[in-house]
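First the structure, in the form of structure tokens, and then the observations on it.
Remember, it's 1-based here, ligands and their atoms both numbered in the order they're listed. Computed from a prediction, not measured in an experiment: that's the story for all the values here.
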Amino acid sequence: MLRVAVLLSGRGSNLQALIDASQGDAFPATIVRVISNVPDAQGLQRAQDAGIDTVVIDHRKFSSRTEFDEALDTALHACDAELVCLAGFMRILTQDFVEGWQDRLINIHPSLLPAFKGLDAQQQALDAGVRIAGCSVHFVRPGMDEGPIVAQAAVPVLQNDDDASLAARILRQEHVIYPLVVRLIAEGRVQVEDEQVVINVGDSSAGILLNPSLADL
Ligand code: GAR
């Protein structure tokens with residue numbers, strides 16, 4: 001079982017998707033710790049309800065990003081985490097931290113990267129007038145929302161969408177691809193070669209590229 005730690009700042013619906021997947025049959029990863037920088041994050045309650053160890057590391061109590069990231073690093077090593085999942089973790093991580101967890105640190109972002117990095121990705125997509133939006137899971141590199149992409153899911157932007165309706169449609173796909181990526185990594189099928197992800201999917205690419213049809217939404 002791959003030992004996974006999840007870092008979050010808020011609602012924790014992606015954590016919930018990972019918890020639900022990990023409680024299913026034959027999921028090859030286990031969530032050993034959930035860390036939040038926000039003391040009252042809803043995600044902490046979800047973890048506690050699932051019997052998962054939680055730690056609060058309040059960034060406001062640290063005088064620098066370096067000290068905060070050192071505390072994170074210590075808490076991750078203390079639980080022997082082998083993979084770290086950012087799931088709505090709204091802090092920028094230092095280069096030292098990111099490099100210390102090279103290829104063992106993944107993030108989910110609500111856009112088809114490399115488009116629409118940073119905050120309010122769904123609103124950025126609406127403002128740009130794109131017809132297709134989506135989400136990405138990628139290995140983390142020091143630049144914000146940068147790094148080799150493991151999986152993406154596409155969703156249509158509908159004529160009457162607002163930020164909330166588009167975000168909800170994307171979120172449903174986030175909950176599909178994040179557990180998928182954790183499973184693939186835990187199965188040892190994911191490799192980074194020359195900053196591109198290579199996935200050993202046997203003789204099929206099903207499940208890697210998700211293009212749900214309108215009928216599925
Ligand atoms: C998700 O939509 C996630 O993709 C996004 O925050 C939300 C967290 O929701 N992350 C980012 O924008 C990171 N740049 P959740 O707390 O319910 O999982």
Which of the numbered atoms in ligand 1 are under 4.0 angstrom from any heavy atom belonging to [X]?
| X | value |
| --- | --- |
| His109 | 4 (O), 12 (O), 13 (C), 14 (N) |
| Gly88 | 6 (O), 8 (C) |
| Glu174 | 1 (C), 2 (O), 3 (C), 4 (O) |
| Arg11 | 9 (O), 15 (P), 16 (O), 17 (O) |

Open item on the list: So is Gly43 touching ligand 1 or not, going by heavy atoms under 4.0 Å?
Closed with: no
TODO: Tell me, please: is Ala121 in heavy-atom contact with ligand 1, that is, under 4.0 Å?
DONE: no
So for atom [atom1], which belongs to [X], do other residues, nucleotides or ligands contribute more than 12 heavy atoms lying within a distance under 6.0 Å?
| X | atom1 | value |
| --- | --- | --- |
| Gln196 | CD | no |
| Lys117 | NZ | yes |
| Met144 | CE | no |

Distance to 0.1 Å, residue and atom name: give those for the protein heavy atom nearest to [atom].
| atom | value |
| --- | --- |
| atom 15 (P) of ligand 1 | Ser13 N, 3.4 Å |
| atom 16 (O) of ligand 1 | Gly12 N, 2.8 Å |
| atom 12 (O) of ligand 1 | Pro110 CD, 3.4 Å |
| atom 10 (N) of ligand 1 | Ile108 O, 3.6 Å |

Open item on the list: Side-chain heavy atoms nearer than 4.5 Å, only ILVMFWY residues, links allowed to pass through others: does that put Ile108 and Leu105 together?
Closed with: no
Open item on the list: Please check: side-chain N/O of Asp145 versus main-chain N/O of Gly118, any donor-acceptor pairing under 3.5 Å?
Closed with: yes
Task: Result of checking Asp53, Thr54, Asp80 against Arg33 for side-chain hydrogen bond (donor to acceptor under 3.5 Å, both in side chains) - done: Asp53
Open item on the list: Tell me which one of Glu146, Glu195, Gln95, Glu99 satisfies side-chain hydrogen bond (donor to acceptor under 3.5 Å, both in side chains) with Arg141.
Closed with: Glu195
Open item on the list: Tell me the contacting part of Asp145 for ligand 1: side chain, backbone, both, or neither, using a 4.0 Å heavy-atom threshold, strictly below.
Closed with: side chain
- [ ] Kindly assign one of parallel, tilted or perpendicular to the pair Phe68 and Phe89, based on the angle between their ring planes and the thresholds 30° and 60°.
- [x] parallel
